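Structure first, then comments.
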Amino acid sequence: MNKEISMLRIILQQMSIAGFRLSAGGFFVPLFELPDWFTQLYQDKFSVYSERDEYFLGVAFPFIENFLFDAEQIWSQAKSEHLQSGLWTEENDKGYEVYLEAIAINAGNEPVLLLTNQTTNFDVRHKVFQAARDLAIKNEHLENAVQLHQRQLQQQLEQLCQHRDSFSELNENIERDSSAVLICRQNGEVEVYNKALIDIYSLRNSIQVKKESLLEKWVNEAERIYPEIHRVLEVGEHWEGEFETTDNINQKKWIRLMIAPVVNDDDKVAHYICIANDISDSKVSMVELERITQVDPTTRLPNRRRFWSYLTEQIEQKKSLGGNLALFYVDLDHFKQINDSLGPEQADFLLSTVANRLKRSLKKHDFVAHLGADEFAVIATEYRDNSVLSTIADRLVKGIYREVSFNEMTLNVSASVGIAVYPQHGSNARQIVKSADYAMYHAKEMGRNQYQLHGPTHISEGIPKLHVEQGMRNALTNEEFELVFQPQICIGTENVYRAEALIRWNHPTLGQLAPDSFIPIAEESNLIIDIGRWVIRAACKELKILTAKNLNVKIGINISPKQFKYSNIAEELVQSISDYAVDPSRLELEVTESAFMEDMDSVVNQLQEVRSLGVSISLDDFGTGYSSLSYLKNLPADLLKIDRSFICELPNSKQSKSIVESLIKLAHELSIQVVAEGVENETQLNYLKGLNCDFFQGYLFHSPLNAAGLLSLYQSLTLKENRLESS
Amino acid sequence: MVNKKICMVGAFAVGKTSLVKQFVECIFDDKYHTTIGVKIDKKTVHVGANSIQLMIWDIEGIDGFTDLKPSYLRGASGIILVVDGTRKKTLESAQEIRKIVDEHLGDIPTILLINKSDLKGAWQFDQQDTEFLGVDEDNIYQTSAKKDQNVELAFKKLVELVLS
Ligand SMILES: Nc1nc2c(ncn2[C@@H]2O[C@H](COP(=O)(O)OP(=O)(O)OP(=O)(O)O)[C@@H](O)[C@H]2O)c(=O)[nH]1
Ligand SMILES: [Mg+2]
């Protein structure tokens with residue numbers, strides 16, 4: 001444990017971070033030795049000398065004083081969270097500027113404040129913003145110059161228009177002007193134009209000008225951002241604005257256009273004077289600038305803002321030109337635990353590692369963004385057809401799933417990926433993001449470290465049973481089955497982790513399937529015997545891996561009633577236990593009440609045999625059968641699981657309450673421990689705790705994880721516990 | 001001594017930092033060095049028999065990729081809203097800021113500075129064009145951080161408003 005402490009100390013020192021804990025007295029106490037820059041600065045700012053390790057940061061730094069209000073919010077919450085203050089500048093006594101940022105962290109209910117010195121990073125960031133703003137000002141001036149010129153020209157032309165019947169003199173005036181000029185009648189008929197107009201629109205000759213009704217085209221193009229343009233022109237007012245236009249050879253340009261109606265003596269619009277300038281250059285450079293500033297500083301990837309504009313842009317393009325677009329929503333598994341136990345600096349390191357891995361596993365024209373925290377997104381616009389999506393997703397998942405080495409330890413990172421496709425899963429950016437996010441959530445539910453395409457994957461009514469049966473036979477030989485694990489949270493005893501093994505079928509065409517879509521068919525055909533055997537072996541294999549990593553985990557295996565009838569469970573257990581050399585007390589058989597319905601004596605005998613091996617027994621879905629309570633005392637059981645249908649009605653249903661209360665009481669009298677399944681909220685949790693329920697399971701805690709996910713969860717939990725113990 | 005927090009807000013490059021520098025240190029630099037985040041300067045002013053320490057928060061200017069963080073405004077007693085007479089666009093940013101300030105601080109003493117009055121020939125708008133911002137005419141100043149025009153006067157006026 002001291003090792004981790006000294007690691008942390010080194011990390012803070014190396015990163016030049018001043019770390020504090022807020023004491024009950026309202027002052028800050030350093031976590032470790034403070035870096036020199038801080039001590040010096042603090043002395044400059046807070047001249048009261050103190051022998052003690054008490055720092056009054058709010059007094060010394062008004063910026064921190066203000067930030068503490070926001071920090072309090074973080075500290076008063078029960079969750080582990082952090083908040084960054086944003087940069088601020090302090091000047092030391094020698095007149096040098098130091099750039100700082102404060103981070104408030106709720107570290108396991110301890111209010112922690114980190115002060116980071118950003119002076120070295122500051123230069124790069126400053127350069128980008130400085131360049132952006134210098135350019136923005138330059139462009140503003142350019143735009144102003146254009147505007148001024150257009151207005152002067154318009155006044156000049158208007159006067160000439162009002163006093164002449166012929167345009168010949170006008171022509172000479174405007175021919176060489178850098179602004180494009182077009183004068184036309186109200187119906188669009190062209191009267192005068194100049195060379196600049198032909199240039200901007202890449203027109204071939206003057207005949208084309210006469211034919212193109214540019215005025216109408218302009219109004220239609222401008223209307224998209226200036227819906228009021230029609231009205232303005234109709235009432236004879238003058239209009240100006242900037243918009244995107246397409247020239248004669250289909251190139252997109254930005255122009256600044258002014259349209260000024262000229263009224264004749266009887267107050268009717270006689271002509272329109274139109275003046276246009278190509279402003280593409282400054283527009284494009286501004287867009288480019290936005291692009292470079294829309295970068296996430298941790299990962300150097302485009303940020304959320306950039307992501308949305310890119311996605312919207314691409315969808316618009318697909319809308320008009322056709323084609324598909326795929327969005328991959330990537331979410332790291334257990335990032336929160338990693339972040340909580342390692343701290344934000346190491347978490348940042350992890351994020352940039354993941355960013356690099358993502359970039360490496362993609363093609364050049366794929367777009368990757370860091371949406372914040374542990375979320376990333378990939379947009380693929382150039383791929384053959386939807387059948388390659390799984391290849392891309394697979395590359396992403398595999399690309400990320402490797403160990404990350406920190407100074408003296410390694411962690412497994414994995415990610416869950418959700419995929420949605422435009423236009424199948426939504427017609428706009430928001431819908432596509434929602435669909436991909438939903439699919440990602442599904443991937444998490446299915447055990448993490450995997451991908452899911454948006455849309456339900458259940459075996460549909462249409463697929464014949466035989467097909468499924470044959471598929472399952474192949475699945476065993478092709479290793480398409482997989483175990484995922486639902487962790488159970490244990491209140492009271494530390495360091496014992498429990499997880500229930502659940503089977504999944506990675507169907508080659510249907511995607512991942514949950515057991516309720518194939519196990520009933522397997523039970524009908526006795527395939528359940530082979531699958532059951534596979535489950536026992538796979539669970540032992542996993543146990544071996546976890547034990548090798550020094551993780552004390554107990555794995556529960558579901559046993560079908562059919563297995564008692566047609567196979568010798570005890571024998572299969574003996575075989576697997578010795579093959580994988582695992583401790584039998586780390587295994588548990590989960591038996592449903594229905595197993596006792598047919599031949600209770602035989603099942604009880606088999607269970608006693610199993611127990612004599614050291615394997616424990618839990619009774620699943622308990623309470624749903626008819627006479628559960630009365631025969632509980634005759635069953636060889638160590639653990640009893642209360643079915644979720646009772647739990648979900650807690651604490652409102654009187655009936656459920658009385659069943660749950662008496663079950664727990666009776667079980668405890670028989671020295672049987674109790675697990676509550678399907679705990680969904682705090683109220684239920686607190687109610688069950690009040691009844692001394694021993695274990696809790698449900699989405700409130702964790703959804704099922706795959707083997708890799710389970711490993712990294714337990715690793716990070718151990719890390720956290722060790723840290724808590726040591727502090 | 002009483003402390004009062006004053007916030008300098010506005011679009012980028014309107015001269016917020018230059019105005020503070022002129023007011024606090026009586027210096028001016030022609031080179032533009034954009035502010036990132038916040039810098040706090042202190043200056044003591046005397047009003048009648050009282051001394052007041054101003055905590056002047058020079059807050060980064062807003063643009064297409066930087067928004068005003070409302071948490072920076074917390075506890076402010078007065079606002080100095082700055083626009084640049086030579087750039088009409090800075091009026092739009094000022095309006096945006098007015099909304100945010102209004103939302104978080106309500107009706108707080110505010111003065112509006114139309115800065116760069118030494119470049120009046122290049123001004124794109126005049127005082128009348130700022131009416132829509134809803135700042136009382138008595139609280140609008142045309143300033144130059146470069147030529148030190150009206151800078152001290154404007155700060156003093158805000159202090160007056162804050163104290164009254
Ligand atoms: N001519 C003139 N230039 C000024 C005046 N005030 C500021 N400037 C110049 O305008 C530019 C921007 O000034 P800053 O004070 O850095 O502007 P700011 O509002 O702090 O900008 P950000 O920190 O980017 O938001 C600099 O080049 C200054 O020299 C003024 O009164 N007259
Ligand atoms: Mg500044």
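On a predicted model such as this, the values are computed, not experimentally measured, just so you know. So that the names make sense, note that chain A is the first sequence line, chain B the second, and so on, each numbered from 1.
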Closer than 4.0 angstrom, basic N to acidic O: yes or no for B:Lys21 and B:Asp29? no

Of the backbone (N, CA, C, O) and the side chain (C-beta and beyond), which part of A:Glu97 lies under 4.5 Å from a heavy atom of chain B, both, or neither? side chain

Chain A heavy atoms under 4.5 Å from B:Glu60: which part of the residue, side chain, backbone, both or neither? neither

Going by the angle between their ring planes, with limits at 30° and 60°, are A:Phe243 and A:Trp239 parallel, tilted or perpendicular? tilted

Go through A:Phe63, A:Tyr99, A:Trp88 and name the one with the most non-hydrogen pairs under 4.5 angstrom from chain B. A:Phe63

For residues 64-72 of chain A, run the donor-acceptor check on the side chains, cut-off 3.5 Å, and write out each pair with its distance to 0.1 Å, sequence neighbours left out.
{"from": "A:Asn66", "atom 1": "OD1", "to": "B:Arg74", "atom 2": "NH1", "distance (Å)": "3.2"}
{"from": "A:Asn66", "atom 1": "ND2", "to": "B:Ser71", "atom 2": "O", "distance (Å)": "3.0"}
{"from": "A:Asp70", "atom 1": "OD1", "to": "B:Arg74", "atom 2": "NH2", "distance (Å)": "2.5"}
{"from": "A:Asp70", "atom 1": "OD2", "to": "B:Arg74", "atom 2": "NH1", "distance (Å)": "3.4"}
{"from": "A:Asp70", "atom 1": "OD2", "to": "B:Arg74", "atom 2": "NH2", "distance (Å)": "3.4"}

Examine whether an atom of B:Tyr32 lies under 4.5 Å from a heavy atom of chain A, and if so say whether it belongs to the side chain, the backbone or both; otherwise answer neither. both

Look at B:Lys89 together with B:Asp84 and state whether they make a salt bridge at an N to O cut-off of under 4.0 Å. no

Considering only heavy atoms from C-beta outward, does the side chain of B:Asp138 approach that of B:Lys157 to under 4.5 Å? yes

Tell me, side chain or backbone of B:Lys88 under 4.5 Å from chain A's heavy atoms, or both, or neither? neither

Which region of A:Glu140, side chain (C-beta onward) or backbone (N, CA, C, O), has a non-hydrogen atom less than 4.5 Å from a non-hydrogen atom of chain B, or is it both or neither? side chain

Given the options A:Gly86, A:Pro62, A:Ser85, which has more heavy-atom pairs under 4.5 Å with chain B than any of the others? A:Pro62

Between A:Phe61 and chain B, with a heavy-atom cut-off of 4.5 Å, which part of the residue counts as in contact: side chain, backbone, both or neither? neither

Would you call B:Glu103-B:Lys99 a salt bridge at under 4.0 Å N-O? no

